Amino acid sequence: MKFTKTLAAAAAMGFALTGVANADSHGETVQAGFIYVGPVGDLGWSYQHDQGRQAVEAEFGDMVETSFVESVPEGADAERVMSQMARSGVDIIFTTSFGYMDPTIAAAESFPDVRFEHATGYKRVENVSTYSARFYEGRYVIGEIAGAMTKSNKIGYIASFPIPEVVRGINAAYLAAKSVNPDVEFKVVWVYTWFDPGKEADAANALIEQGVDVIMQHTDSPAAMTIAEEKGIYAFGQATDMSNFGPTAQLTAIIDDWNPYYIERVKAVMDGTWESTDTWHGIADGMVAFAPMSDAMPADVAARAEATIAAIAAGEFHPFTGPLNKQDGSVWLAEGEVADDGTLAGMNFYVEGVDGELPN
Amino acid sequence: MDFSSLSPVAMIVLLIGAATPILLAAIGELVVEKSGVLNLGVEGMMIIGAVCGFVVAVNTDSPMLGLLGAAVGGAVVSMVFAFLTQYLLSNQVATGLALTLFGLGMAALMGRSYNGIRPPRMARLEVEGLSDLPVVGKLFFSHDPVIYLSIALVFAVWYFLNRTRAGLVLRACGENHEAAHSLGYNVQLIRFGAIMFGGACAGLGGAYVSLVRVPQWTEGMTAGVGWIALAIVVFAAWKPWRVILGAYMFGGITILQLSLQALGISISGAYLSMTPYIVTIVVLVIMSADRKKASINAPACLGKSFHASH
């Protein structure tokens, strides 16, 4: 295995460090490439995808060679990195951030023999699959916990970008919190970045100043968890177990488990059975998992959370079940109606009760 | 709209925290540029400082030693740049960019086993009696020592550059290195020193992020602060006191937009997030519109290599 470090458009994006672990091309082995939006050491989103990459290596041993490029900015530069990876003889490329959607499609057109897997997007072509986890199921569970645990009835939400994925999370968490605590209020702060620990920490502090005592985040670093621990409030781990950073602050964490999916897809390439698919797995399939419930939670709160997890896993309960109105008061779902995947995938509205305007 | 829960004092305290890493890195870079060297590796030196400070603080259980370690770490890594550009005469822009990339990678490697560890807390400098005063106490007498240090550093740099002979010599190297050389000054050595000072300051700025602002180590955690510091130096027209203004303004707008959102004011966050950058660009445009003034302020030999041919 030969390691080369390459530099991604240093002049334009000076702070994107790009490390390519490049594999020599051999006929028999399958080569899988991964592109991450943050550093593998972000201990959040990208870290968890890299765990998946390592799981693929562990599963197939000499049969597979993997490589990755970290901290690739979303947008046009991503296509260049994908093309470079494709040219180096990689068979399948996992592009692991929403903002890689159009670059992935563009790169896929240039390299019809390479298979692409784009996380959290919705555009597919013959050699591009999409996959995502039903994080909103996890968000509903932690929303219930947050609603029960808040004393000030103010829950802070550090959000990255106003994309359906994030909006869905806010809505699910809000509905859940509201269901156990009618007085609950959500304060959403958009930081417009996936990874900037300084800014994430500042956002957490600004929320705490406003009386928030439980924080949720949809950004990638454990910065907010660290601040929550320092200020003695509660928070939830994002993408991975962050209890190291908040041993008393973390109530639980939503864990993204990509390992089985990555193994399955690489296997499909080996067997020659790979085709473009759309995967959206949730708690039932294990793609959304949880860190252990904190002892800080009263037994009834933990029990309700476990019950909700079980009900969602069994398909008995859907977080978006009517009657539900949109923020403007118009009817979205009638009594007993369940949201369809299409609407969820493109969700661009708040549900009734969420304060503030959704940026577009 | 209810503004009553928006506490200006709390916001200013947050603002200072957000601005201090920028301020430290920018004041160091200002000295470097005044000596005629353009070091684009600020981000790399900051992240090295962040990880060195973290590692030292965790192992010695002392945030103060951590800061010292960060300054040393930043200075050591800047020596690589100094050696390459001053003695091997490599291109400063390319070397600076390489330094950033090297720093990010090196820091990731050094910090591998420090993920998920919490550093010792930096105590605030409390003054008996004064810190408890309403408003004034919180604004002036209850910060961590680094904040006072950063402001003291700005004054020290101002004094050094404008009131001491050594400062005059350093500026001479930046304005006309041939002339400084012909007067018998060792241009390379002086620049070497300036670069190391810049590295130490950037290192301190980085450690402020990893030890105080977000007490944790995460790869790439400085997330572009070094680039903002570089812009602030130009924004400040190479004047130390304006560096404070620039850094605090940038920090202020960042905190203001986060706080307004937390308050529930529905101004589109996208515009608010852009604001610090837009303001910086606008100020840069206004400043550079006056050609004469701008060219007077920028050190004449900025970015030029010097080689003594005799």
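All values below were derived from every heavy atom in this structure, side-chain atoms included, with hydrogens, water molecules and symmetry-related copies excluded. Predicted model, so just to flag it, every value in this text is computed and none were measured. Lettering follows sequence order; numbering is per chain, from 1.
- Proximity to chain B (any heavy atom under 4.5 Å) is restricted, for Glu229(A), to the side chain, taken from C-beta onward.
- Here the closest heavy-atom approach between residue Ala201(A) and residue Val214(B) is recorded as CB-CG2, 3.8 Å.
- Asn205(A) CG to Leu258(B) CG: the interatomic distance, rounded to the nearest 0.5 Å, is 10.0 Å.
- From Met221(B), atom CE reaches atom CG of Asp42(A) across 12.0 Å, with rounding to the nearest 0.5 Å.
- Considering only heavy atoms from C-beta on, Ser221(A) comes within 4.5 Å of Gln216(B) through its side chain.
- Glu230(A) is listed as a side-chain neighbour of Pro215(B), based on a closest heavy-atom distance under 4.5 Å.
- The CH2 atom of Trp217(B) sits 13.5 Å away from atom OG1 of Thr226(A), with the distance rounded to the nearest 0.5 Å.
- For chain B, no part of Val212(A) is nearby; none of its heavy atoms comes within less than 4.5 Å.
- Residue contact with chain B, scored on non-hydrogen atoms closer than 4.5 Å, involves the backbone and the side chain of Asp202(A) alike.
- When heavy atoms are compared at a cutoff of 4.5 Å, Ile227(A) approaches chain B solely by way of its side chain, counted from C-beta outward.
- At least one side-chain heavy atom of Pro222(A) sits less than 4.5 Å from a side-chain heavy atom of Thr218(B).
- One finds the CD atom of Glu219(B) at 11.5 Å from the OH atom of Tyr47(A) (value rounded to the nearest 0.5 Å).
- Gln261(B) is not listed as a side-chain neighbour of Val191(A), based on a closest heavy-atom distance of 4.5 Å or more.
- Atom CD1 of Ile117(B) is separated from atom CZ of Phe245(A) by 9.0 Å, given to the nearest 0.5 angstrom.
- Interatomic distance, CG of Leu104(B) versus CD of Glu70(A), reported as 9.5 Å (0.5 Å rounding).
- Residue Gln210(A) comes nearest to Leu263(B) through the heavy atom pair OE1-CD1, 3.2 Å, listed as atom of the first residue, atom of the second, then distance.
- Contact detail for Ala223(B) and Phe195(A): the closest heavy-atom pair is CB-O, 4.2 Å.
- Contact annotation for residues 9-19 of chain B against chain A (heavy-atom separation below 4.5 Å, listed by residue number): Ala10(B), Leu14(B), Ala18(B).
- The choice from Gly198(A), Ala204(A), Gly38(A) that makes the most heavy-atom pairs within less than 4.5 Å of chain B is Gly198(A).
- Contacts between Arg118(B) and chain A at a heavy-atom distance below 4.5 Å involve the side chain alone, from C-beta outward.
- Between Asn115(B) and Gly41(A), the shortest heavy-atom contact is OD1-O, 4.4 Å.
- Here the shortest heavy-atom pairing between Ala262(B) and Ala206(A) reads CB-O, 3.9 Å.
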